[in-house]
Amino acid sequence: MERIKAPKGTADIFGKEANLYRYIEDVARSIFDIYGYCEIRTPIFEEKSVFTRSVGEETEIGKQMYTFADKKQRLLSLRPENTAGVIRSYIEHSLYSSSKCTKLYYLGPMFRYERPQAGRMRQFYQLGTEAIGSHSPLLDAEVIAMALHLLSELGINGYQLKINSIGCRKCQQTHTEQILLEVKKIKERLCSDCQERAEKNPRRILDCKNKACQEMTKCLPDTSSLLCKDCKDLFSEMIHSMELLEIDYIIDPRLVRGLDYYSKTVFEIQKEGLGAQNTIAAGGRYDYLVEELGGPSVPAVGFSAGLERLILSMDRNIPEQEPDIYIAYLSDYLEEAFLLANTLRKNCLSCLIDLEPKSLKNQLKEASSKAATWTVIIGDEIKNGKIVLKDMKREKQLEIKEEKIIEWLIKRKNPADPLYPVKKRR
RNA sequence: GUGAGCGUAGCUCAGCUGGUUAGAGUACUGGACUGUGGAUCCAGUUGUCGCGGGUUCGAAUCCCGUCGCUCACCCCA
């Protein structure tokens, strides 16, 4: 029999790792809450067109979608990212009618069919936000500030924030035209990827990683020289508010993002040492997307981050979950132990017990490997109504009356108590 | 889609240029310690050597194929 395995590019997350994911999600929720964002949970799959209309079918992400037909031959796709789904939902429920600026956040799995490697999976987890309904460049700065706030809360440092403006549709069009004009002259000498880009997405030639291409494309106009007056003003306002918030940034006039829907402000947060994937979070404005998906003409700005990459860039260890109590017992007293476990749990004390009787030595060993704070030992003393309570960290033990044990343990659970054992808990 | 490296015990790996019964550490179980954990020592359990074929008297070892994993390119979170 062949061993069944999780599909390529997917992973089972359990143990310490699951705690880490939950930790990040908890931190993210609390940060988003502080900035006034509300959670939205959209379906994991949507009609294919939701994504192809927003991301662009010809983009790499468009090609990497998991698409299938259901029993009624509806063409559906697993979401490769969540901005499109959130906007679809925003339009569907006319969220624009209830508030001027709708702030939403999401957490969950995304799917892209590609070759897995460090920091890149076929099913991966993203968190992100969308603020829909405001043109203010201050909001752009706020979104970036929030993203950085999240990183610092997670203990992630040593990153670089790169920002740029790719302008409105008009700027983008003239920019593309200018690039094509220049590229014509050197097209034959560019790498094959760039030649393809020239056809499909000329502006992306600007961030080709090929050294020879970079050398040749130095002369290409970047975004800074081409913004119209309005876009220029917006960008400098946004930069001004970044300074106000004392955020360090690098303006990268060659930063253009891969998704079709971006406009004006774009940004990336990068950190070295994550394998080949150095972008941990990215985002920007998408002032035309809502309209393109059939909604009113409403501007929006958002960002997203990949949990796998956040984890790679965190060097902090998350405290492990430790039980309060381990119940050890001599096999004669299984029922007493079983009952005690039940009582402790009813009192919100977490406890472990092995319901298959083992030697005391074995149980103590287990208690210490599971890092229980106390071990309760039920032995012959129970006949006199007494129970042994062992402080595992201080290696001391005492006998205590059976009926007092709950009270005693609850009291010791108070962190203010000087006897409260050193125990890390979030 | 392209390229490279690696698949041996639950986990981490050794096993060189083919040679008899496939190893270590760790984990697990028991004992030294008959009701007390992290240390030490002793003993025990664990394998279709990824799968299929070929070369050979003989293959974990060499060759071919295949599957899987990993990393990188591309792209991206």
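Lettering of chains follows the sequences in order, A, B, ..., and the numbering in each one begins at 1.
Leu161(A) has its side chain within reach of Met242(A): a pair of non-hydrogen atoms, C-beta onward, lies under 4.5 Å apart. Under the 4.5 Å side-chain criterion, counting only non-hydrogen atoms from C-beta, Ile239(A) is in contact with Ile163(A). The shortest side-chain heavy-atom distance between Val86(A) and Arg79(A) does not fall under the 4.5 Å cut-off. Taking 4.5 Å as the limit, every side-chain heavy atom of Tyr90(A) sits out of range of all side-chain heavy atoms of Leu293(A). Two residues are said to be in side-chain contact when any heavy atoms from C-beta on lie closer than 4.5 Å; Met65(A) and Thr52(A) meet this criterion.
Judged by distance alone with a 3.5 Å cut-off, no donor-acceptor contact links the side chain of Gln363(A) to the base of U36(B).
Distances were taken from every side-chain heavy atom of Arg115(A) (C-beta onward) to each of U29(B), U2(B), U36(B); the shortest belongs to U2(B). The side chain of Val388(A) lies closest to G35(B), out of G35(B), G30(B), A77(B). Out of U36(B), A77(B), G68(B), the shortest distance to the side chain of Thr279(A) is found at A77(B). With A72(B), A77(B), G38(B) as the candidates, the nucleotide lying closest to the side chain of Ser368(A) is G38(B). Nearest to the side-chain atoms of Lys8(A) among the listed nucleotides C69(B), A77(B), G37(B) stands C69(B). Listed nucleotides: G35(B), U36(B), G38(B). Nearest to the side chain of Glu395(A): G38(B). Here the nucleotide nearest the side chain of Gln117(A), chosen from A72(B), G37(B), C69(B), is A72(B). Candidate nucleotides G37(B), G35(B), A72(B) were compared by shortest atom distance to the side chain of Ala118(A), and A72(B) ranks first.
Across the interface with RNA chain B, nearest-nucleotide mapping of Ser359(A) and Pro7(A) shows Ser359(A) to be the residue nearer the 5′ end. Residue-to-nucleotide proximity on RNA chain B shows that, of Asn362(A) and Lys390(A), the 5′-proximal contact is made by Asn362(A).
Taking atom C1' in both G44(B) and U48(B), one finds a spacing of 23 Å when rounded to whole Å. Taking atom C1' in both U45(B) and G68(B), one finds a spacing of 29 Å when rounded to whole Å. The gap from the P atom of C13(B) to that of G7(B) amounts to 10 Å, rounded to the nearest Å. Nucleotides C73(B) and U12(B), compared at atom P, are 25 Å apart to the nearest Å. Going from the P atom of C51(B) to that of A60(B) covers 11 Å, rounded to whole Å. One P atom belongs to U36(B), the other to C71(B), and the distance between them is 47 Å to the nearest Å. With both ends at atom C1', the span from A32(B) to U70(B) equals 45 Å, rounded to whole Å. Separating the P atom of A59(B) from that of G1(B) is a span of 36 Å, rounded to the nearest Å.
Atom C1' of nucleotide U34(B) and atom CG of Leu364(A) are separated by 16 Å, given to the nearest angstrom. For the pair Lys361(A) NZ and G38(B) C1', the interatomic distance rounds to 11 Å; values are reported in whole Å. Between the CD atom of Glu366(A) and the C1' atom of U29(B) there is a distance of 13 Å, rounded to whole Å. To the nearest angstrom, C1' of C73(B) lies 13 Å from CD of Glu114(A). Atom CD in Gln277(A) sits about 11 Å away from atom C1' in C73(B), given to the nearest Å. The nearest whole Å value for the distance from the CD atom in Gln123(A) to the C1' atom in A77(B) is 14 Å. Whole-Å rounding puts the Tyr105(A) OH to A77(B) P distance at 22 Å. Counting to the nearest Å, the P atom of G35(B) and the CG atom of Asp380(A) are 10 Å from each other.
Within 4.0 Å (heavy atoms only), Met110(A) reaches no atom of the nucleic acid at all. Among the protein residues, Glu381(A) comes within range of the nucleic acid bases, having at least one heavy atom under 4.0 Å from a base atom.
Across all strands shown, G38(B) has no partner, as no Watson-Crick or G-U wobble contact with both distances under 3.5 Å is found. Using the Watson-Crick or G-U wobble rule with both distances under 3.5 Å, U26(B) pairs with G10(B). A 3.5 Å limit on both hydrogen-bonding distances identifies no Watson-Crick or G-U partner for U17(B). Pairing for U56(B) is absent, with no Watson-Crick or G-U wobble pair whose two atom distances lie under 3.5 Å. Base pairing annotation: G1(B) forms a Watson-Crick or G-U wobble pair with C73(B), both donor-acceptor distances under 3.5 Å.
Scanning all heavy atoms of the two residues, the minimum distance from Cys231(A) to Cys168(A) falls at SG-N, 3.2 Å. Closest approach of Lys103(A) and Tyr35(A) over heavy atoms only: NZ-O, 3.1 Å.
Remark: side-chain polar atoms of Glu308(A) are paired, donor with acceptor, to backbone N or O of Tyr125(A) under 3.5 angstrom.
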